[in-house]
Amino acid sequence: MTTATEALARAADTARLAPSVHNTQPWRWVVRGDRLELFAVTDRQLHEQDPAGRLMLLSCGAALHHARVALDAEGWTHRVERPAGEPLAVVHAEHAGPADPSAMRRLQLLQVRRTDRRAVSDEPVPPEVRQALTAAAGRGGARLELLHRDRVLELAVMVEHAGDAERHDERMQAETAAWVGGDRPAGTGLPDAVIPVELPLTTVAERDFGVSGTLRAGAGHDTAAAYAVLYGDGDEPADWLRAGEALSEVWLTATEHGAAVLPLSSPVELDFTRQALRRMLGEVGYPYLVLRLGINDPDHAGPAHTPRLPVEQVIDIED
Ligand SMILES: Cc1cc2nc3c(=O)[nH]c(=O)nc-3n(C[C@H](O)[C@H](O)[C@H](O)COP(=O)(O)O)c2cc1C
């Protein structure tokens, strides 16, 4: 029988696998007895592309969700407290029970999940999968709007404008370069293996990391891809954290259904495109992230896993 402290330390360890913008992993955990505290690490925030810390907190939210899935899988009931400010969240381990088989399955999904920048196949995302993803966003505390074709074309223009603005901003360029090579903490950032040799043909442009990687992205045009906006009612730090939890829930559900997810964050990084996205949603909420969804060829292995920071750098165990 494991103690709460051991289970929480293991949950924080599992949370290292969470997705994060540019693989910055901007989180730190402190385990104190039966409490697990989550902090944002502003040293690994993208200060140029993400000055308000929205994407940093989204990333922390994804890590929080991962930690909770790990606790569920071990049969630990828990409660999450969300203080205003720091820590961002405190997970209280409550009772140990039998391991939950469906949560164990989710833990496996979390271990295989990854960002896929290859061109998607010609197979459309089936309606039941779209529905499952929308429901997943709701469970996670946000909403997912799957865009109709005319909206996708509008999105493509926004993403192009955001990409142009970022390409012409030397500081943003330098910041991106620092996470795709350059001088950065070991165990973070994007290796060549996950960056396409050439950007694939897509309706909505993928992020141009400014380097050519080694990922064979495949031929063909992603006409079967679906594009969606993750959004919600508020635009405050607590909402961005929730958005990250919803992102993780959507991503695990997509992985379960064999669907690939590619987040596109440049349109939410810049004020003018974020406002344009909000108008496109009919001002019913605040956009957090754009997602490309698609079905990939199951016969071809997906891209490599990105590296992670060592445990000692992200988890402190205190008495
Ligand atoms: C908030 C957020 C924003 C992201 N934005 C982008 C993006 O604009 N373009 C992209 O190619 N990947 C994006 N990603 C994917 C990350 O680069 C990816 O999660 C990270 O490199 C870790 O790799 P993994 O997801 O394969 O584990 C984003 C991820 C998160 C959580």
Side-chain angles (χ1 to χ4, degrees), residues 14-27 40 44-46 49-50 52-66 109-119 140 142 155 158-160 162-163 166-167 172 175-176 179-181 184 187-196 199-200 202 204-211 213 215 217 222 227 229-231 239-252 254-255 260-270 273-274 277 287-294 296 301-309:
T14 300
R16 289 162 61 236
L17 299 176
S20 59
V21 62
H22 292 9
N23 200 20
T24 47
Q25 303 157 63
W27 52 72
R44 291 196 294 277
Q45 178 178 353
L46 302 176
Q49 286 156 75
D50 183 32
R54 284 189 177 83
L55 300 175
M56 174 182 73
L57 292 179
L58 258 145
S59 305
C60 289
L64 174 60
H65 184 266
H66 273 49
L109 293 168
L110 169 164
Q111 285 154 351
V112 295
R113 181 217 59 81
R114 61 192 105 166
T115 302
D116 198 336
R117 299 181 182 83
R118 294 174 299 166
L155 173 70
M158 281 179 217
V159 170
E160 199 175 316
E166 296 197 344
R167 243 186 315 280
M172 288 198 189
E175 185 173 67
T176 300
W179 292 95
V180 292
R184 60 183 147 86
T188 60
L190 299 176
D192 283 351
V194 301
I195 298 178
L199 285 180
T202 50
V204 180
E206 285 192 13
R207 184 187 282 273
D208 182 355
F209 287 99
V211 295
L215 177 70
D222 72 340
Y227 287 88
V229 183
L230 184 71
Y231 70 101
D239 303 306
W240 308 332
L241 192 73
R242 283 255 188 227
E245 294 171 78
L247 169 67
S248 175
E249 183 70 31
V250 168
W251 212 329
L252 294 192
T255 309
V261 174
L262 173 60
L264 301 172
S265 52
S266 56
V268 295
E269 288 160 17
L270 300 163
T273 42
R274 198 172 60 255
L277 259 185
Y288 304 134
L289 199 59
V290 172
L291 301 179
R292 186 189 75 184
L293 307 165
N296 262 334
H305 284 286
T306 45
R308 289 298 184 267
L309 284 165

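Whatever order the structure lists ligands and atoms in, that order sets their numbers, starting from 1.
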Evaluating non-hydrogen atoms only, which member of Val159, Val21, Thr188, Leu230 is closest to atom 2 (C) of ligand 1?
Val21

Enumerated ligand 1 atoms positioned under 4.0 Å from heavy atoms of Pro19
19 (O), 25 (O), 31 (C)

I'd like to know if the side chain of Arg44 and the backbone of Gln25 have a donor-acceptor N/O pair within less than 3.5 Å.
yes

In sequence, state the C-alpha distance, the side-chain angles, and the governing distance for Gln49 and His22, and then conclude on side chain to side chain donor-acceptor pair (under 3.5 Å).
CA-CA 11 Å; Gln49 286 156 75; His22 292 9; 3.2 Å; yes

Under 4.0 Å from a heavy atom of His22: give me the atoms of ligand 1 that qualify, with their elements.
17 (O)

Please confirm whether the backbone N or O of Arg16 pairs with a side-chain atom of Arg308, one donor and one acceptor, at under 3.5 Å?
yes

Any nitrogen or oxygen of Pro263, main chain or side chain, under 3.5 Å from a nitrogen or oxygen of ligand 1?
yes

A student comparing Thr115, Leu55, Leu291, Asn23 should find that the heavy atom closest to atom 15 (C) of ligand 1 comes from Thr115

Taking Ala217's backbone N and O only, do any of them form a donor-acceptor pair with Arg117's side chain (distance below 3.5 Å, no angle check)?
no

Between Arg114 and ligand 1, which residue portion shows a heavy-atom distance shorter than 4.0 Å: side chain, backbone, both, or neither?
both

Check: Thr255 main-chain N/O paired with Arg113 side-chain donor or acceptor under 3.5 Å
no

Considering Pro26, Cys60, Ser265, which one's heavy-atom position lies nearest to atom 4 (C) of ligand 1?
Ser265

Enumerated ligand 1 atoms positioned under 4.0 Å from heavy atoms of Arg113:
24 (P), 25 (O), 27 (O)

Report, in ascending order of atom number, the atoms of ligand 1 lying under 4.0 Å from any heavy atom of Leu262.
10 (C), 11 (O)

For the side chain of Thr176 and the backbone of Met172, is there at least one donor-acceptor N/O pair under 3.5 Å apart?
yes

Measure Val194 to ligand 1 on non-hydrogen atoms and call it side chain, backbone, both or neither using the 4.0 Å cut-off.
neither

Can you sort out the partners of Asp192 under side chain to side chain contact (heavy atoms under 4.5 Å, CB included), two or more places apart, ordered by chain and number?
Thr214

Among all residues two or more places apart in sequence or in another chain, which pass the side chain to side chain contact (heavy atoms under 4.5 Å, CB included) test with Pro191?
Val194, Thr306, Pro307

Is there a polar contact, in the sense of an N or O pair closer than 3.5 Å, between Ser59 and ligand 1?
no

Proximal ligand 1 atoms for Leu190, defined as those under 4.0 Å from one of its heavy atoms:
17 (O), 21 (O)

Asp116 side-chain N/O to Ala260 backbone N/O, donor-acceptor pair under 3.5 Å
no

In terms of atom number and element, which parts of ligand 1 are under 4.0 angstrom from non-hydrogen atoms of Phe209?
10 (C), 11 (O)

Check this for me - ligand 1, Arg308, N or O atoms closer than 3.5 angstrom, yes or no?
yes

Distance-only N or O hit between ligand 1 and Thr306, under 3.5 Å
yes

Between Ser266 and ligand 1, does any nitrogen or oxygen pair lie at a separation below 3.5 Å?
no

Under 3.5 Å: donor-acceptor pair, side chain of Gln45, backbone of Asp50
yes

Give the atoms of ligand 1, by number and element, whose distance to some non-hydrogen atom of Leu264 is under 4.0 Å.
8 (O)

Ser20 heavy atoms, cut-off 4.0 Å: which ligand 1 atoms fall inside?
16 (C), 17 (O), 18 (C), 19 (O), 20 (C), 29 (C), 30 (C), 31 (C)

Arg117, portion touching ligand 1 at heavy-atom distance under 4.0 Å
side chain

Any donor-acceptor pair under 3.5 Å linking the side chain of Asp208 with the backbone of Gly163?
no

Locate the shortest heavy-atom distance separating Glu166 from Glu269; write the atom from each residue and the value.
OE2-OE1, 2.5 Å

